[in-house]
> 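The structure under discussion is supplied below as structure tokens; questions concerning it will follow.
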There are 2 protein chains.
Amino acid sequence: MTDRPTRERILAVALGAYGTDGFSATSLDALADQLGVRKQTILYYFPSKQALFDAVVDDAAADLVKVFDEEASRGLSGIQQIEAIVRHVFRLAVRRPELLGLVREVTRPGSVTAERLAGHVAPTFDRARDFLQREMDAGRLRSSDPSMLLLSLYSTVVGVATELEVQRALGLPPSLRATVARRQELIRFLRAALATESAS
Amino acid sequence: MTDRPTRERILAVALGAYGTDGFSATSLDALADQLGVRKQTILYYFPSKQALFDAVVDDAAADLVKVFDEEASRGLSGIQQIEAIVRHVFRLAVRRPELLGLVREVTRPGSVTAERLAGHVAPTFDRARDFLQREMDAGRLRSSDPSMLLLSLYSTVVGVATELEVQRALGLPPSLRATVARRQELIRFLRAALATESAS
DNA sequence: AGCACTCTCTACCAATTGGTAGAGAACTCG
DNA sequence: CGAGTTCTCTACCAATTGGTAGAGAGTGCT
């Protein structure tokens with residue numbers, strides 16, 4: 001555990017902290033404590049707190065893009081593809097919640113780092129839009145504006161996967177089984193939202 | 001403008017700052033500067049930074065609950081009621097974006113203040129769930145688990161209304177006209193997601 | 001007038017913040 | 001061996017943080 005390169009360990013711990021508590025609520029000293037190291041060690045690898053954050057975002061973006069591009073390359077179609085992606089997002093939410101937490105942190109309105117993340121995921125977004133357009137043209141999805149549809153899909157999927165506090169307020173338990181049920185309910189919801197009149 | 005009671009001015013400015021930059025990125029000195037006052041004046045009205053935040057959350061929750069309860073009391077049914085609520089949320093997003101920004105801040109996973117907000121909106125959530133159940137029983141909405149459906153609706157509506165950075169990344173312009181288009185597209189999306197087979 | 005109350009201020013303070021300077025250990029390579 | 005390179009450390013520092021103590025101005029009541 002400790003023999004992983006220090007730089008990587010810093011990035012991993014920082015991702016967790018920034019994704020959970022946010023950027024400004026996480027001090028370098030707190031990170032250093034968690035790492036069993038002095039804060040100057042962190043500043044040796046990353047010239048400033050902001051630079052560390054940027055690196056964390058770059059790293060996380062690469063992970064996210066990899067997950068989605070691998071999935072997209074499998075070339076499923078219509079609802080099946082979307083179902084597969086929902087499954088992936090939920091797997092991420094369960095296995096690496098900090099990753100989606102970081103996305104939430106970075107996409108806060110007015111965030112300066114948002115543009116950085118946007119740059120990384122732009123090609124993936126483009127592909128997703130193209131996919132939606134193609135499927136609509138082929139009559140496998142209800143037709144609508146692909147960008148706006150993508151926004152709705154993004155909000156719904158990421159929200160259902162990450163809005164833990166809203167779920168608590170609604171009395172939805174955080175157990176794994178309940179999460180699976182939530183995912184299936186979400187898929188039914190999306191299926192209905194996306195289906196053409198003919199498709200089941 | 002300046003003759004509004006100081007306490008209220010503090011709450012208003014704090015709502016804006018907490019809703020935009022977040023709790024820990026907003027110092028009492030920054031608030032005081034914005035108010036043209038010393039920070040000790042703030043600490044006269046609110047014993048601590050956390051107490052001020054709690055008061056802001058209480059205030060915001062009251063506003064939110066009022067908006068929704070007024071709307072709910074009009075007794076629309078089915079999709080019409082949901083459309084009306086979507087319209088209200090978008091109006092809030094345009095007119096008082098800090099309010100939804102604060103909700104986003106407070107519902108961050110692990111937030112300690114989440115419970116406070118949850119306490120305020122619990123009755124409203126209950127009513128919403130009851131409404132959904134009733135409409136399902138009456139065959140006006142596709143049947144499913146009301147709590148999970150509410151979670152999906154919440155995520156989609158709040159997301160589409162507040163995910164400004166994702167919208168930018170998708171190339172969706174922030175103009176008012178575009179916002180209206182987004183709202184209408186969202187309503188089409190929800191209509192499809194919620195309709196029973198028979199309803200148009 | 002005199003007292004109490006409300007409000008905002010100045011003056012501090014200890015702790016924490018991100019960051020600089022540079023010493024010293026350990027390893028590599030000639 | 002000796003010189004560089006890589007890494008982590010100690011020692012500081014100025015600025016900012018949330019918060020305390022208490023002075024003083026204004027208002028209203030008796």
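Quick note: numbers below take in every heavy atom, side chains included, and nothing from hydrogens, waters or symmetry partners. By convention in this document, chain letters (A, B, ...) are assigned in the order of the sequence lines, proteins followed by strands, and residues within each chain are numbered from 1.
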> Would you say the side chains of A:T179 and A:R182 form a donor-acceptor pair under 3.5 Å?
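There is such a pair between these side chains.
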> Look at the side-chain N and O atoms of B:T41 and state whether any lies under 4.0 Å from the OP1 or OP2 oxygen of C:dC7.
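No.
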> Would you sort out whether B:R168 and A:E115 count as a side-chain contact (heavy atoms from CB on, under 4.5 Å), showing the intermediate values?
CA-CA 9 Å; B:R168 286 214 328 186; A:E115 210 139 351; 3.2 Å; yes
> Using a cut-off of strictly less than 4.0 Å, decide whether B:Y44 has a side-chain nitrogen or oxygen near OP1 or OP2 of C:dC7.
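Yes.
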> Do A:D130 and A:R127 sit within salt-bridge range, that is, some charged N less than 4.0 Å from a carboxylate O?
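A salt bridge is absent here (no side-chain N lies under 4.0 Å from a carboxylate O).
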> Would you name the heavy atoms of A:R142 and A:A193 that are closest together and state the gap between them?
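Where A:R142 meets A:A193 most closely, the heavy atoms are NE-O, 2.8 Å.
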> If every non-hydrogen atom of B:A178 is compared with every non-hydrogen atom of B:P173, which pair is closest and at what distance?
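Taking every non-hydrogen atom into account, CB-O, 3.4 Å.
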> For B:L35 and C:dC7, what is the distance between atoms CG and P respectively, to the nearest whole Å?
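After rounding, the gap between these two atoms is 16 Å.
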> Rounded to whole angstroms, how far apart are CG on A:D33 and P on D:dC9?
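From A:D33 CG to D:dC9 P: 12 Å.
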> Can you tell me the distance, in whole Å, between the OH atom of A:Y45 and the C1' atom of D:dT5?
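Whole-Å distance recorded here is 13 Å.
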> When you check the gap from the basic side-chain N to the acidic O, do B:K66 and B:D63 get nearer than 4.0 Å?
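Judged by the 4.0 Å cut-off on N to carboxylate O distance, B:K66 and B:D63 do not form a salt bridge.
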> What does nucleotides 10-23 of chain C look like as a protein-contact string, B for base, S for sugar-phosphate only, - for none, at under 4.0 angstrom between heavy atoms?
BB-----SBBBB--
